[in-house]
Visitor: 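Next up is a structure, given as structure tokens.
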Amino acid sequence: MDVFAKISGHEQVVFCNDPHTGLKAIIAIHNTTLGPALGGCRMLPYASIGEAVNDVLRLSRGMTYKCAAADVDFGGGKSVIVGDPLTDKSPEMFRAFGQFVESLSGRFYTGTDMGTTPEDFVHASKETRCIVGIPEEYGGSGDSSVPTALGVIYGIKATNKAVWGDDALQGRVYAIQGLGKVGFKVAERLLEEGADVFVTDINEAAIELLNQKAKGLPGSVKAVKGDEIYAVDADVFVPCALGGIINDHTIGMLKVKAVAGSANNQLEREEHGGDLWRRGILYAPDYIVNAGGLIQVADELYGTNKQRVLTKTKAIYTSLLEVYKHSEDRSICTAEAADLFCEQRIEARKNRSSFFTADQKPKWNVKR
Ligand SMILES: NC(=O)C1=CN([C@@H]2O[C@H](COP(=O)(O)OP(=O)(O)OC[C@H]3O[C@@H](n4cnc5c(N)ncnc54)[C@H](O)[C@@H]3O)[C@@H](O)[C@H]2O)C=CC1
Ligand SMILES: O=C(O)CCC(=O)C(=O)O
């Protein structure tokens, strides 16, 4: 394998190995034009190191776009830990991970993602200040999945508006894949609003818990298994688990009119955005819909202000409507319209950075 060809779009990729704690992690820094890299840390029992490398490279690239779209002073990065979050975690492992993050001297900030929790990062934060999204009692902004889920709800509302001319959540049927930190909260909110949801998760306990919650709520839950979620009679598909789920195999199964969820990298390949568009399925670009968590953790630079985070997260609604309009005006798919917007924003910043100004401490130094 030509490693440098594989990482040619990235600035830096760091392999972290600590035999004492069993830590095997990869940190990928994609682009720091807009600021130091920021991105959560995912822990998964990857089938191979190659799979982990592919995941971290795609996720970190996505963060560059997400940061540009959300207009935060951060660049794109992400990390993955190879292991089963149910059996392989330890406080020492996250402390070791914190030491590796610290070794990057402020080039990379991280927090939770799939398989990791704010509590895991309390351990990491003992070794480095470049940790975001830890509980408020430890000085962080708290669980970033809360604003992520809220942003998904606003994303769904905007998408409903674009498809049906009415942004109400109720009266529609949603197919939710994954009831973890984000998906569960999204499902709860939809049920509170009186919507009906199909759900699936490999973790039966999450489905059981949602069924318990649903008892007092106006909406209804129907659980389905595995791939059945793609083919249910729903209006909106809400992917909240793994990426790559919009692919050659699943696209033909979808009966929905729209896709709007939190999962990162929903399109397996770029052209799947065009495929959805040609089939008349409106795709809400993942990195715009799921930016709520980023908005909250990036806000830690200024000392978190819940009202500010809420206002910026709600703005996902208007950002999405703008993307839909760009896509319509230019006759390009929504994924392409969003990418173009972000690339122009990064390019504009690059030009500005090349203009000499007096030496000034970057804002993010307040964290160090
Ligand atoms: N936590 C956050 O604030 C953010 C999360 N995201 C993305 O949203 C997605 C979900 O993240 P979290 O809720 O934090 O993760 P999580 O680990 O808390 O939840 C993921 C859920 O998906 C389930 N799952 C895994 N494989 C599945 C499959 N094949 N079919 C059905 N369910 C499956 C898991 O059992 C778990 O319940 C991920 O793609 C993540 O990268 C994006 C932005 C921010
Ligand atoms: O939510 C976080 O802690 C950081 C942002 C992130 O990794 C993401 O949006 O995927």
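By convention here, the first residue in the shown sequence is residue 1. Just so we're clear, the structure is a prediction, and the values are computed from it rather than from any experiment. We use all heavy atoms of the structure for the numbers below, so side chains are in, but hydrogens, waters and symmetry mates are not. First listed ligand is number 1; within each ligand, the first listed atom is number 1.
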Visitor: Show me the short polar-atom pairs for ligand 2: any N or O of it lying under 3.5 Å from a protein N or O, with distances only.
Guide:
| from | atom 1 | to | atom 2 | distance (Å) |
| --- | --- | --- | --- | --- |
| ligand 2 | 1 (O) | Ser144 | OG | 3.2 |
| ligand 2 | 3 (O) | Ser144 | OG | 3.4 |
| ligand 2 | 7 (O) | Gly40 | N | 2.6 |
| ligand 2 | 7 (O) | Lys78 | NZ | 2.8 |
| ligand 2 | 9 (O) | Lys66 | NZ | 2.6 |
| ligand 2 | 10 (O) | Lys66 | NZ | 3.0 |
| ligand 2 | 10 (O) | Lys78 | NZ | 2.6 |
| ligand 2 | 10 (O) | Asn264 | ND2 | 3.1 |

Visitor: Run the salt bridge (charged side-chain N to carboxylate O under 4.0 Å, His left out) test on Lys181 and Asp143 for me, step by step, so that the C-alpha distance in whole Å, both residues' side-chain angles and the decisive distance to 0.1 Å come before the verdict.
Guide: CA-CA 9 Å; Lys181 296 190 295 294; Asp143 184 353; over 6 Å; no

Visitor: Are Arg330 and Glu336 ion-paired here, with the side-chain N under 4.0 Å from a carboxylate O?
Guide: no

Visitor: Tell me the protein heavy atom at minimum distance from atom 23 (C) of ligand 1, and give that distance in Å.
Guide: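 Residue, atom and distance for the closest contact: Asp201 OD2, 3.3 Å.
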
Visitor: Looking at Glu270, I want to see if its CD is surrounded by more than 12 non-hydrogen atoms of other residues, nucleotides or ligands under 6.0 Å.
Guide: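 Counting neighbours around CD of Glu270, 12 or fewer heavy atoms of other residues, nucleotides or ligands fall under 6.0 Å, so no.
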
Visitor: Report yes or no: do Val238 and Phe184 belong to one cluster of Ile/Leu/Val/Met/Phe/Trp/Tyr joined by side chain heavy-atom distances under 4.5 Å?
Guide: yes

Visitor: Between Thr250 and Ile245, is there a donor-acceptor pair closer than 3.5 Å when you use the side chain of the first and the backbone of the second?
Guide: yes

Visitor: Given 3.5 Å as the limit, does a donor-acceptor pair link the side chain of Gln296 with the main chain of Ser141, or not?
Guide: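 Yes, the answer is positive, given that a donor and an acceptor are paired below the 3.5 Å cut-off.
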
Visitor: Is there a side-chain contact between Tyr324 and Glu328 in this structure, where contact means two heavy atoms from C-beta onward sitting under 4.5 Å apart?
Guide: no

Visitor: Among all the protein's non-hydrogen atoms, which is closest to atom 43 (C) of ligand 1, and how far away is it?
Guide: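 Sorting protein heavy atoms by distance from atom 43 (C) of ligand 1 puts Asn290 O, 3.5 Å first.
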
Visitor: If you measure from each heavy atom of Ala206 to ligand 1, is any distance below 4.0 Å?
Guide: no

Visitor: Considering non-hydrogen atoms of the protein only, which is the closest contact for atom 8 (O) of ligand 1, and what is the distance?
Guide: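 Atom 8 (O) of ligand 1 sits closest to the protein heavy atom Ser262 OG, 2.9 Å.
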
Visitor: Under a 4.0 Å threshold between the charged nitrogen and the carboxylate oxygen, would Lys78 count as salt-bridged to Asp55?
Guide: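 A salt bridge is absent here (no side-chain N lies under 4.0 Å from a carboxylate O).
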
Visitor: Please report which non-hydrogen protein atom sits nearest to atom 11 (O) of ligand 1, along with the residue it belongs to and the distance in Å to one decimal place.
Guide: Met114 CG, 3.8 Å

Visitor: To check your reading of the model: name the closest protein heavy atom to atom 17 (O) of ligand 1, its residue, and the distance in Å.
Guide: Gly115 N, 3.1 Å

Visitor: If you measure only the distance, is there a donor-acceptor pair under 3.5 Å linking the side chains of Thr21 and Glu92?
Guide: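 Absent: no donor and acceptor within the cut-off.
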
Visitor: Using a heavy-atom cut-off of under 4.0 Å, does the side chain or the backbone of Leu59 touch ligand 1, or both, or neither?
Guide: neither

Visitor: What residue and atom, counting heavy atoms only, is the protein's closest point to atom 13 (O) of ligand 1, and at what distance?
Guide: Val182 N, 2.9 Å

Visitor: Atom 38 (C) of ligand 1: which protein heavy atom is closest, and how many Å away?
Guide: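 Protein heavy atom with the smallest distance to atom 38 (C) of ligand 1: Ala241 O, 3.2 Å.
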
Visitor: Tell me whether Thr112 has any N or O atom under 3.5 angstrom from an N or O of ligand 1.
Guide: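 In this structure, Thr112 places no N or O atom under 3.5 Å from an N or O of ligand 1.
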
Visitor: N/O of Asn264 under 3.5 Å from N/O of ligand 1, yes or no?
Guide: yes

Visitor: Would you please say whether a donor-acceptor pair under 3.5 Å links the side chains of Asp167 and Tyr154?
Guide: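 Tyr154 and Asp167 do not have a side-chain donor-acceptor pair below 3.5 Å.
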
Visitor: So, Ser220 and Asp196: side-chain donor and acceptor under 3.5 Å apart, yes or no?
Guide: yes

Visitor: Starting from atom 25 (C) of ligand 1, locate the nearest protein heavy atom and write down its residue, its atom name and how far away it is, to 0.1 Å.
Guide: Ile202 CD1, 3.7 Å

Visitor: Which residues pass the side-chain hydrogen bond (donor to acceptor under 3.5 Å, both in side chains) test with Ser60, not counting sequence neighbours?
Guide: His10

Visitor: Tell me the contacting part of Lys66 for ligand 1: side chain, backbone, both, or neither, using a 4.0 Å heavy-atom threshold, strictly below.
Guide: side chain

Visitor: May I ask you to list the atoms of ligand 1 that are less than 4.0 angstrom from any heavy atom of Asn203?
Guide: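 Listed by number with element, the hits are 35 (O).
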
Visitor: Going by heavy-atom distance to atom 18 (O) of ligand 1, choose the closest among Met63, Lys181, Gln177.
Guide: Lys181

Visitor: What verdict does the side chain to side chain contact (heavy atoms under 4.5 Å, CB included) test give for Lys66 and Leu38, after you've listed the backbone C-alpha separation in whole Å, the side-chain angles of each residue and the deciding distance to 0.1 Å?
Guide: CA-CA 10 Å; Lys66 197 182 303 193; Leu38 170 63; over 6 Å; no

